[in-house]
Amino acid sequence: MTTGTEPPATEPQPRSGGVRAGTRAAISAPHLRTDRWWLAPVGTAAGLLAFIVYSTWRAFADAHYYAAPYVSPFYSPCLAERCEPMKAGPNWEIFGSWWGISPAVIILIFPLGFRLTCYYYRKAYYRGFWASPPACAVAEPHKKYTGETRFPLVLQNIHRYFFYAAIAVAGILTYDTVLAFRDENYAWGHMGLGTLVFLINIVLIWAYTISCHSCRHIVGGKLKHFSKHPVRYRMWQWAGKLNARHMQLAWASLVSVALADFYVYLVASGAFDDPRFF
């Protein structure tokens, strides 16, 4: 070896497995990043935790989820017999009188499952809650990495099936938005502030749902020749443009669905009167 090119001497580093295994470079620093890399995972964890706390409270509250003509997206469709009656609303009494807890628990499993298995949200809560890894170029603290090959993370592979359920839920919420063009006496041709809230929410929910990676694959995946499938190719392009904003749409729709529920709560509890535009 040429004089002066020898690698600098380093102190032996303890090997504890994972990225600190003996086959990895012996670097004493835990990482080489100098920016505030921890802000992103901390902010993500705080945002997701806030939504978890709020949605859990509202899901088990079992009250103030309907104020004609608005129904909370957390409770739609309402599948229990004990649901509040909603004229022409999503009352489907599939679960009889034996169902004793909040009807929101029945339906929330589908949009929740869709978001939990979403590619972006997986990245978000893996980093925010499990530090796996906490950020790019920052070593994770775990000694062993198994990916999504073991229970419960192997269940992430059913994301596509939750996508189908999410499409159905989005369709029902679209119906609820149409019903929001009624007044409190169910007369058509009216629009309140709640109608606008519902419109914004459903647009963001559809945008987030269609921007899903599974949707993009279903539309244009496994095509050998785009030229032979111009319609699917065009749809694939549209889905791809939305997919580039999947993270932003994921957060925007998460906030909008919580705000839509909170708006219904305020109106139903009598804390706020829904302003009417016409």
Side-chain angles (χ1 to χ4, degrees), residues 40-41 44 47-48 51-52 55 73-74 76-77 90 106-130 132-137 140 145-178 199-258 260:
T44 298
L48 293 177
F51 180 81
I52 291 171
S55 59
F74 287 2
S76 182
I106 305 173
I107 194 63
L108 277 181
I109 185 63
F110 298 106
L112 179 63
F114 178 58
R115 289 184 183 266
L116 280 176
T117 58
C118 165
Y119 290 118
Y120 166 69
Y121 280 116
R122 280 144 76 170
K123 166 192 169 183
Y125 63 76
Y126 285 173
R127 290 187 173 187
F129 292 113
W130 298 342
S132 180
C136 292
E140 61 179 84
Y145 177 78
T146 58
E148 296 175 342
T149 61
R150 295 184 179 182
F151 183 85
L153 296 185
V154 70
L155 297 178
Q156 304 282 29
N157 295 316
I158 63 176
H159 176 62
R160 171 174 292 192
Y161 302 103
F162 275 120
F163 167 74
Y164 298 142
I167 288 289
V169 171
I172 294 169
L173 296 183
T174 302
Y175 175 72
D176 295 342
T177 303
V178 173
L199 278 172
I200 295 173
N201 178 56
I202 197 58
V203 168
L204 290 174
I205 285 180
W206 272 115
Y208 165 65
T209 305
I210 295 175
S211 71
C212 169
H213 296 75
S214 291
C215 177
R216 186 169 180 262
H217 177 72
I218 291 170
V219 170
K222 296 185 178 181
L223 293 181
K224 295 183 178 179
H225 304 284
F226 280 130
S227 59
K228 295 182 179 180
H229 305 274
V231 175
R232 290 185 63 184
Y233 177 58
R234 179 65 63 182
M235 293 174 64
W236 179 81
Q237 286 182 312
W238 290 339
K241 290 179 180 179
L242 285 175
N243 182 259
R245 299 287 184 268
H246 195 51
M247 179 185 73
Q248 294 88 338
L249 292 171
W251 280 105
S253 61
L254 192 72
V255 172
S256 71
V257 74

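Bear in mind the structure is a predicted one, so any value in this text is a computation, not a measurement.
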Validation row: [X], [Y] side chains within 4.5 angstrom (heavy atoms):
| X | Y | answer |
| --- | --- | --- |
| W206 | I167 | yes |
| V257 | F51 | yes |
| L199 | T177 | yes |
| F163 | I218 | yes |
| F162 | V169 | no |
| S211 | M247 | no |
| L48 | F129 | yes |
| S132 | R127 | no |

If I take atom [atom1] from residue [X] and atom [atom2] from residue [Y], how far apart are they, to the nearest 0.5 angstrom?
| X | Y | atom1 | atom2 | result |
| --- | --- | --- | --- | --- |
| H159 | R122 | NE2 | CZ | 7.0 Å |
| I172 | I202 | CD1 | CD1 | 10.5 Å |
| I200 | S253 | CD1 | OG | 13.5 Å |

Would you confirm whether [X], through its side chain, and [Y], through its main-chain N or O, come within 3.5 Å as a donor-acceptor pair?
| X | Y | value |
| --- | --- | --- |
| Y121 | A250 | yes |
| S76 | P73 | no |
| T44 | P41 | no |
| R232 | V219 | yes |
| Y208 | L254 | no |

query = Could you walk me through whether Y119 and H213 pass the ring-ring contact (aromatic ring centres under 6.0 Å, His included) check?
reply = CA-CA 7 Å; Y119 290 118; H213 296 75; 5.0 Å; yes
Aromatic ring pairing W130/Y126, orientation class (parallel under 30°, perpendicular over 60°, tilted between) |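 Answer is parallel, since the angle falls under 30°.
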- Message: Over 60° means perpendicular and under 30° means parallel, so tell me whether F226 and Y233 are parallel, tilted or perpendicular.
- Response: tilted
Note: L204 and S256 closest approach over all heavy atoms is CD1-CB, 3.7 Å
